[in-house]
Amino acid sequence: MKKIAILGSTGSIGTQTLDVVRANDDLEIVGLSAGNNIDKLEEQIREFHPRLAAVWNEDAAGDLAVRVQDLDVKIVSSMDGLLELARMEEADILVTAIVGMIGIRPTMEAIRAGKDIALANKETLVTAGHLIMPLARKMNVQILPVDSEHSAIFQAIHGEKKEQIHKLLITASGGPFRGRKTAELRKVTLEDTLKHPNWVMGQKITVDSATLVNKGLEVMEARWLFDVDLDHIQVVVQPQSIIHSMVEFEDGAVIAQLGTPDMRLPIQYALCYPDRRYLAGDRLDFRTLKQITFEEPDMETFQGLPMAIEAAGKGGSMPTVFNAANELAVKKFLQRKIGFLDIYDIIGQSMERHTLVKEPDLDQILEIEKETYQWIESRW
Ligand SMILES: NC(=O)C1=CN([C@@H]2O[C@H](COP(=O)(O)OP(=O)(O)OC[C@H]3O[C@@H](n4cnc5c(N)ncnc54)[C@H](OP(=O)(O)O)[C@@H]3O)[C@@H](O)[C@H]2O)C=CC1
Ligand SMILES: CC(=O)[C@@H](O)[C@H](O)COP(=O)(O)O
Ligand SMILES: [Mn+2]
């Protein structure tokens, strides 16, 4: 039995992780968690019988404790609760399905407790990769990628020598506005932005896909996961999201991982690694597959990607500023307080005013996050 705790079980990745658990008799849930959604969390507790459930919102945690008092489950709340879930003795692996850099502390707590990590939460690695990767090595824990591109790369390099990797080719759908120019993005609505062409995902990552911030975060995530220089990572638009990413080796051979856009595959691969198991659902049929095409990303229009590459190049605390500014900008866009292009202005101006800290520790990262939020709040 592999025992699993999920940080963010009520979201898109969280609920698909539970689908994978339902389909595999040797996977067991021991811990679940949510931000606020206790209706869904209560359903999950009644179905999966975890020993621990964490809720960020303290009042909601109190309500949930009353609702599930007939069950043998401990309810905890706030950051202390997330940390308790992350280090819980019964778990072998933590799925980081929470959204945002709030995942840093629980992820580090789980690694310190010797838990493997099935990592979906890219914001954590983007902002604290220089702390997390050495800690994982020291504790001898595995960081298994869940993000579809990184799972594809992980599968493509399986059994290969690291020094023979020439280039990582990260694929991007191009998002719902692929082909449009800046003037046309001025008036796009929230509804337009939330229509991803291929994937059904949480709202924050769906906006990030439209701005190409998601691809920028994924370049930084890849750099930490696979220890490859920025110069050896290239983004290529693959509008059908059939090729999830590719690796070019020294001899020019390119190995790609293909599949339908279904996150249950990378989630199951991470949880059952190195096993491959039957997965019900749509499969690729190459007799009817019409086309797999490629394009260059439009870096002039979709500034999320070049700004991320700039942040990654500067390193230190700049990826934290890039990420924190984006998190708050997306929150404001989702609340209809700002327009689509304001997201780029907020990120760009936040980075411009920031004085770089070369090797920020955890306290400095969290302080820079707070300071970035305060500056943005005073202007937008
Ligand atoms: N969705 C996808 O297909 C993919 C997602 N990812 C990454 O995975 C992560 C999760 O994405 P996704 O599932 O789409 O996001 P969702 O918004 O769908 O889900 C987020 C989850 O995090 C929980 N949460 C949010 N804030 C807190 C908090 N303060 N404390 C505790 N729990 C919290 C939410 O709880 P509640 O429901 O109560 O709000 C929910 O369970 C992101 O980092 C994303 O970039 C990567 C690749 C693909
Ligand atoms: C499913 C997944 O991994 C997402 O990160 C996806 O890649 C988003 O699509 P984009 O390629 O549009 O960013
Ligand atoms: Mn992805």
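Remember, it's 1-based here, ligands and their atoms both numbered in the order they're listed. Excluded from the calculations below are hydrogen atoms, water molecules and symmetry mates; all remaining heavy atoms, backbone and side chain alike, are included.
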Q.
Taking 4.0 Å as the limit for heavy-atom contacts, which would you say applies to L82 with ligand 1: side chain only, backbone only, both, or neither?
A. side chain
(Q) Test of understanding: given a 4.0 Å heavy-atom threshold, classify the contact between M201 and ligand 1 as side chain, backbone, both, or neither. (A) both
Can you tell me how far the [atom1] atom of [X] sits from the [atom2] atom of [Y], to the nearest 0.5 Å?
X    : Y    : atom1 : atom2 : value
K161 : F249 : NZ    : CZ    : 12.0 Å
M246 : Q257 : CE    : CD    : 11.5 Å
T96  : K122 : OG1   : NZ    : 11.0 Å

Any nitrogen or oxygen of [X], side chain or backbone, less than 3.5 Å from one on ligand 1?
X    : value
G100 : no
N37  : yes
D147 : no
G14  : no
G8   : yes
T96  : no

Considering only heavy atoms of [X], which atoms of ligand 2 have at least one such atom less than 4.0 Å away?
X    : result
K122 : 5 (O)
K215 : 7 (O), 10 (P), 11 (O), 13 (O)
E149 : 3 (O), 5 (O), 6 (C), 7 (O)
M263 : 1 (C)
A172 : 11 (O)

Side chains of [X] and [Y]: is there a donor and an acceptor less than 3.5 Å apart?
X    : Y    : result
Q44  : E42  : no
N323 : T320 : no
E123 : T127 : no
H150 : S245 : no
Y373 : E369 : yes
N198 : Q240 : no

Just need the protein heavy atom nearest to [atom], so name the residue and atom and give the distance.
atom                    : answer
atom 14 (O) of ligand 1 : G202 N, 2.9 Å
atom 19 (O) of ligand 1 : G11 CA, 3.2 Å
atom 6 (N) of ligand 1  : I205 CD1, 3.6 Å
atom 13 (O) of ligand 2 : N214 ND2, 2.8 Å
atom 36 (P) of ligand 1 : T10 OG1, 3.3 Å
atom 4 (C) of ligand 2  : M201 SD, 3.6 Å
atom 4 (C) of ligand 1  : I13 CD1, 3.5 Å
atom 21 (C) of ligand 1 : A97 O, 3.5 Å
atom 22 (O) of ligand 1 : I98 CA, 3.5 Å
atom 9 (O) of ligand 2  : H196 NE2, 3.3 Å
atom 12 (P) of ligand 1 : S12 CB, 4.0 Å

Heavy-atom contacts with [X] under 4.0 Å: which atoms of ligand 1 show up? List them by number with element.
X    : value
N36  : 36 (P), 38 (O)
I102 : 29 (N)
E123 : 42 (C), 43 (O), 45 (O)
A34  : 31 (C), 32 (N), 35 (O), 38 (O)

Q: Indicate, as side chain, backbone, both or neither, the part of Q238 found under 4.0 angstrom from ligand 2 when only non-hydrogen atoms are considered.
A: neither
Q: For ligand 2, indicate whether the residue I205 contacts it via side chain, backbone, both or neither (heavy-atom separation under 4.0 Å).
A: side chain
Q | The single option from N214, N121, D147 passing side chain to side chain contact (heavy atoms under 4.5 Å, CB included) against E221 | A | D147
(Q) Using the rule side chain to side chain contact (heavy atoms under 4.5 Å, CB included), only one of L362, L82, T124 pairs with R105; which is it? (A) L362
Q. Heavy atoms only: which of V99, L7, L125, I6 is nearest to atom 25 (C) of ligand 1?
A. V99
Q.
Out of S151, S209, S173, S148, who is nearest to atom 3 (O) of ligand 2 when you count heavy atoms only?
A. S148
Q: Evaluate whether atom CD of E300 has more than 12 neighbouring non-hydrogen atoms of other residues, nucleotides or ligands under 6.0 angstrom away.
A: no
Whether [X] side chain and [Y] backbone form a donor-acceptor pair below 3.5 Å:
X    : Y    : value
E58  : S78  : no
K215 : T171 : yes
S350 : V321 : no

Q: State which residue, out of Q303, K181, R178, fulfils the side-chain hydrogen bond (donor to acceptor under 3.5 Å, both in side chains) condition with D298.
A: K181
(Q) Please evaluate residues D26 and R277 with respect to the criterion salt bridge (charged side-chain N to carboxylate O under 4.0 Å, His left out), reporting the C-alpha separation (whole Å), side-chain torsions for both, the decisive distance (0.1 Å), and the verdict. (A) CA-CA 12 Å; D26 59 347; R277 298 180 178 178; 2.9 Å; yes
Q) Charged N to carboxylate O under 4.0 angstrom, E109 versus K115? A) no
Q: Using a strict cut-off of less than 4.0 Å between a Lys/Arg side-chain nitrogen and an Asp/Glu carboxylate oxygen, indicate whether K40 and E43 qualify as a salt bridge.
A: no
Q.
Is E218 close enough to touch ligand 2? Criterion: a residue heavy atom under 4.0 Å from a ligand atom.
A. yes
(Q) Please give me the protein atoms (N, O or S only) lying under 2.8 Å from the Mn ion (ligand 3), ordered by chain and number. (A) D147 OD1, E149 OE1, E218 OE2
**Q.** Test log, rule salt bridge (charged side-chain N to carboxylate O under 4.0 Å, His left out), inputs R336 and E191
**A.** CA-CA 11 Å; R336 300 177 196 275; E191 287 71 20; 2.6 Å; yes
Q. Looking only at N/O atoms, are D147 and ligand 2 under 3.5 Å apart anywhere?
A. yes
Q) Which heavy-atom pair separates D116 from Q142 by the least distance, and what is that distance? A) OD1-N, 2.7 Å
(Q) In this structure, is the centre-to-centre distance between the rings of F154 and Y273 below 6.0 Å? (A) yes
Q) Between F340 and F177, does the ring centroid distance fall short of 6.0 Å? A) yes
Q) Is the shortest distance from a heavy atom of K122 to ligand 1 less than 4.0 Å? A) yes
